[in-house]
Amino acid sequence: SGELKSDVDWHESNYLEAGTYIAKGLKRAATIFTSSSPVDGRQRVLIIFTDGMIQDAGADKDIMVQARQELDGLSVQTFGIVVRRFAQHTQTDIDAEATLKPIVSAPQDEHFMNLQIDEVPDQALNGL
């Protein structure tokens, strides 16, 4: 969890406004999980962080659906976290939620969070 926290800290310090594309990353995650076995009965988990709408949710939808099916077939629990800058939800946050929620494992409400950036360490990372 220390490495994950340092990665989150880095992203907080180096925030860039840019698009979010994950279709190829989902496909790559499925490939990685296919080539490795869980150690000591540990669960396979994928956590997706985003601060904006997933741009390839429409254009590469078939790739994402296929990757989602592969991840499900490998018993990978996929969690999604929208990281927002402000306490109130902006349209950007709402758009991010609408494109991320369909990608997480079912039941979606148990595999999804929408957190203000300062809440991420306590709400999402401390339990890892």
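Only this structure's heavy atoms are used, side chains among them; waters, hydrogens and symmetry mates stay out.
Shortest non-hydrogen contact noted between Arg85 and Gln116 is O-NE2, 3.7 Å. Between Ala29 and Leu46, the shortest heavy-atom contact is CB-CD2, 4.1 Å. Here the closest heavy-atom approach between residue Phe79 and residue Val104 is recorded as C-CG1, 3.8 Å.
Inter-residue side-chain proximity for Lys5 and Val120 is flagged as unmet; no heavy-atom pair is nearer than 4.5 Å. Residues Arg68 and Leu26 are not in side-chain contact: their nearest non-hydrogen atoms beyond the backbone lie 4.5 Å or more apart. At a threshold of 4.5 Å between non-hydrogen side-chain atoms, the residues Phe112 and Glu97 count as touching.
At distances below 3.5 Å, not a single donor-acceptor pair connects side-chain atoms of Glu110 with backbone N or O atoms of Pro107. A donor-acceptor contact shorter than 3.5 Å links the side chain of Asp56 to the backbone of Ile22. Not one N or O on the side chain of Gln123 forms a donor-acceptor pair closer than 3.5 Å with the backbone of Pro121.
Side-chain atoms of Asp93 and Thr90 include a donor-acceptor pair closer than 3.5 Å. Side-chain contact annotation: Arg44 with Ser36, donor-acceptor N/O pair under 3.5 Å absent.
Note that CD of Gln55 is 8.5 Å distant from OG1 of Thr50, once rounded to the nearest 0.5 Å. Thr31 OG1 to Lys24 NZ: the interatomic distance, rounded to the nearest 0.5 Å, is 13.0 Å. If you take CZ on Phe49 and OG1 on Thr20, they are separated by 13.0 Å, rounding to the nearest 0.5 Å. Distance check, rounded to the nearest 0.5 Å: CG of Leu71 to OG1 of Thr78 gives 4.5 Å. With rounding to the nearest 0.5 Å, the separation of CE in Met113 from CD1 in Ile47 is 10.0 Å. Within the model, atoms CD of Gln108 and CG of Leu100 stand 9.5 Å from one another, a figure rounded to the nearest 0.5 Å.
Two different hydrophobic clusters hold Ile32 and Ile103 under the rule that ILVMFWY side chains link at heavy-atom gaps under 4.5 Å. Linking ILVMFWY residues whenever their side-chain heavy atoms come closer than 4.5 Å, directly or via other members, leaves Val82 and Met53 in distinct clusters.
Open room surrounds CD on Gln43; 12 or fewer heavy atoms of other groups in view lie less than 6.0 Å from it.
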Walk me through whether Asp109 and Lys101 qualify under side-chain contact (heavy atoms from CB on, under 4.5 Å).
CA-CA 8 Å; Asp109 288 338; Lys101 236 180 176 182; 2.8 Å; yes
